[in-house]
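Note sheet for the following structure.
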Amino acid sequence: MITMENTRVAIVGAGMTPFGRLETQGLMDLLSEASMSALESAAAIDKNIDSVFVGNMAAGELCDLCGIASTLADRLNLLPAGADRIENGPASGGSALRAGFATIRAGLADLVLVVGGEKMTHVPGPRVTSAVAAITHETAEKIYGVTLPSFAAMLARLYLDKYGYAMEDISAVAVKNHQNGSHNPFAHFQKEISLETALSSPVIADPLRLYDCCPVSDGAAAVVLASEATARELTPEPVFVTGSGQATDLQIVHERENPTFLTAVAASSQIALDMAGIQPSDIGVTELHDAFTILEILESEAVGFFPPGEGPRALVRGDTAVTGSCPINPSGGLKARGHPWGATGVAQAVEIFWQLRGAAGDRQVPNEPRFGMAVNFGGFGNNVVTHVFERGW
Amino acid sequence: MGEIDANSEMLVRSKKCVNCGAVNHPSKVRCRACKGTTFEDVSVPPAGTVVTFTTCNALPRRLGDRKSQGFAIIQVAEGWNVLGQLDDADAIALNDLVEGRWEQVSTNDDGSPAFGWVFRKGGA
């Protein structure tokens with residue numbers, strides 16, 4: 001029942017498609033499959049859904065589709081649910097989750113479907129590169145043909161020089177995340193790699209190599225959100241969204257005072273943590289937006305898990321391993337699970353939901369974590385969405 | 001690089017906030033530092049030092065058939081930064097002095113040329 005009163009918001013069900021090259025499925029097929037999986041998981045298949053939020057970055061550019069939220073509501077017969085597509089670049093999924101959270105919290109809906117998805121592998125690589133490069137600044141960046149891997153590479157070079165690391169210290173992120181991905185049946189890549197493999201792979205944008213970069217993937221992920229009262233009716237194990245933060249930064253990378261400190265990650269995380277009333281050290285499991293290995297390092301420092309310059313040392317110590325003191329990307333992250341742009345932010349929430357429920361199989365973080373976090377990195381770090389989650393039992 | 005006439009097109013032009021002095025490159029409606037709305041023109045020679053750089057081997061359509069392209073963030077005189085392409089990234093190191101020229105850097109989807117800065121090692 002829609003009450004128009006503030007309420008806590010919980011995830012009551014989650015589902016996703018495998019990520020990877022899914023040649024036989026179109027974007028609407030992927031969104032539908034993930035949505036049905038989440039609705040079944042929530043035992044909400046016969047419930048009235050008040051609103052649908054679809055996180056998607058490039059349905060128009062890559063699939064020649066528009067109005068996909070309306071199409072999904074019709075395909076799934078969620079009528080007369082409200083339906084909106086949410087676009088925030090690679091953080092479209094995180095923004096869709098935030099929209100669903102805010103809608104329930106404001107009392108405008110009681111039961112909401114949030115789904116994110118992207119279909120990317122059917123178009124040639126340069127077209128995908130152009131689509132993502134379109135989020136750079138039109139006159140100061142895009143005209144040069146600069147790409148997101150280029151920016152990540154320039155940040156990596158700065159970081160290595162500033163703190164005296166070598167690429168082997170950064171590429172170890174890929175080794176860890178591929179190991180995690182090898183235990184995730186939904187991951188694009190489900191095989192381990194060695195550090196030697198990573199360090200000898202083709203150069204994409206020096207000093208970053210192929211295994212420092214996430215793949216181009218197809219896929220979709222979905223969660224069902226509910227008000228606290230409805231969540232308690234649907235499940236004895238709700239996972240509450242207790243913090244939601246979003247922050248922007250200067251779009252033009254060369255204008256940033258200190259490009260290796262991700263200001264919007266820090267700000268959005270602080271907002272989410274303050275809302276949840278906890279500290280970074282309380283977080284038991286985290287999904288970070290490792291589109292490039294250097295980003296996992298920089299984000300782990302911006303969130304406050306480690307001081308600036310300490311991320312690689314924490315990685316080598318094993319702090320960020322599944323069994324470490326600060327597990328990061330047990331799903332395999334974008335690096336191994338894959339990165340269908342609009343799906344990623346929702347897939348992060350799906351992984352945290354499974355982790356807090358103890359349902360993550362061979363990649364389960366031990367010791368029953370109570371709090372989880374997801375950081376979804378939009379643009380090139382200039383529009384970041386962070387959520388904090390808590391077990392509700 | 002020799003002296004450049006102040007009226008030359010071969011200058012990096014931008015806007016300095018009258019209120020706080022921050023250079024906004026390119027210009028904005030409100031200053032990135034103080035939200036001021038009054039700016040004055042500033043221009044400097046296309047020369048400076050390399051803040052960071054890369055050579056990218058996966059390029060968008062606007063760079064046509066190129067297989068790789070160098071990019072760099074350059075700190076110009078007065079301390080503000082610009083992005084540009086590099087002639088020869090293999091010859092570049094952090095903090096190198098570079099000088100630039102204004103030329104076609106890519107092609108827009110409609111076939112029209114896009115102009116920008118291309119830097120190479122050199123300068124005093």
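Each chain gets a letter, A, B and so on, in the order its sequence line appears, and its residues count up from 1. FYI, side chains are in, hydrogens and waters are out, and symmetry mates aren't considered; it's all heavy atoms of this structure.
In this structure a side-chain-to-backbone donor-acceptor pair under 3.5 Å is present from B:Thr54 to A:Asp206. In this structure, the side chain of A:Tyr144 does not engage the main chain of B:Val118 through any donor-acceptor pair within 3.5 Å. Listed for the B:Ser106 side chain is no donor-acceptor partner under 3.5 Å among the backbone atoms of A:Gly145. At distances below 3.5 Å, at least one donor-acceptor pair connects side-chain atoms of A:Arg157 with backbone N or O atoms of B:Phe53.
For a residue to count as touching a neighbouring chain, one of its non-hydrogen atoms must lie under 4.5 Å from one of that chain's; by this rule A:Ile252 touches chain B with the side chain only. For a residue to count as touching a neighbouring chain, one of its non-hydrogen atoms must lie under 4.5 Å from one of that chain's; by this rule A:Thr139 touches chain B with the side chain only. Heavy-atom distances place the side chain of B:Leu94, and not its backbone, under 4.5 Å from chain A. Interface residue B:Ile73: backbone and side-chain heavy atoms are both found under 4.5 Å from chain A. With a threshold of 4.5 angstrom between heavy atoms, B:Ala72 approaches chain A through N, CA, C or O but not through any side-chain atom. If you measure heavy-atom distances from A:Ile143 to chain B, the contacts under 4.5 Å come from both the backbone and the side chain.
Of the residues considered (A:Ala205, A:Pro149, A:Ala153), A:Ala205 shows the highest number of contacts with chain B, using heavy-atom pairs under 4.5 Å. The residue among B:Asn24, B:Val51, B:Val82, B:Ile74 with the most heavy atom pairs within less than 4.5 Å of chain A is B:Val82. By number of non-hydrogen pairs under 4.5 angstrom with chain B, the leading residue of A:Val132, A:Ile204, A:Leu250, A:Val253 is A:Ile204. Most heavy-atom pairs under 4.5 Å with chain B: of the set A:Val146, A:Val128, A:Leu208, this distinction falls to A:Val146.
The heavy-atom pair separating B:Val23 from A:Glu255 by the smallest distance is O-OE2, 4.3 Å.
A:Thr147 is listed as a side-chain neighbour of B:Pro60, based on a closest heavy-atom distance under 4.5 Å.
The structure places OG of A:Ser150 at 9.0 Å from CG of B:Leu83, a figure rounded to the nearest 0.5 Å. Atom CZ in B:Arg32 sits 12.0 Å away from atom CZ in A:Arg256 (nearest 0.5 Å). Residue B:His25 holds its NE2 atom at 9.5 Å from NE2 of A:His137, rounded to the nearest 0.5 Å. Once rounded to the nearest 0.5 Å, the distance linking SG of B:Cys56 with CG of A:Leu148 reads 10.0 Å.
The environment of CD in A:Glu257 is sparse: at most 12 heavy-atom neighbours from other residues, nucleotides or ligands sit within 6.0 Å. For CG of B:Asp65, the number of neighbouring non-hydrogen atoms (other residues, nucleotides, ligands) closer than 6.0 Å is 12 at most. Within a 6.0 Å sphere centred on CZ of B:Arg30, other residues, nucleotides and ligands contribute 12 heavy atoms or fewer. At most 12 heavy atoms of other shown residues, nucleotides or ligands fall within 6.0 angstrom of atom CD in A:Glu138. Heavy atoms from other residues, nucleotides or ligands lying under 6.0 Å from CG of A:Asn258 number more than 12.
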Checklist entry - Under the side-chain contact (heavy atoms from CB on, under 4.5 Å) criterion, do A:His254 and B:Gln75 qualify, and how do the steps go? => result CA-CA 9 Å; A:His254 68 241; B:Gln75 185 176 73; over 6 Å; no
Item to check | From CA spacing to verdict: side-chain contact (heavy atoms from CB on, under 4.5 Å), A:Leu155, B:Thr52 | outcome: CA-CA 8 Å; A:Leu155 262 58; B:Thr52 186; over 6 Å; no
Item to check | Intermediate values then yes/no, side-chain contact (heavy atoms from CB on, under 4.5 Å), A:Val203 and B:Asn57 | outcome: CA-CA 7 Å; A:Val203 173; B:Asn57 301 320; 3.7 Å; yes
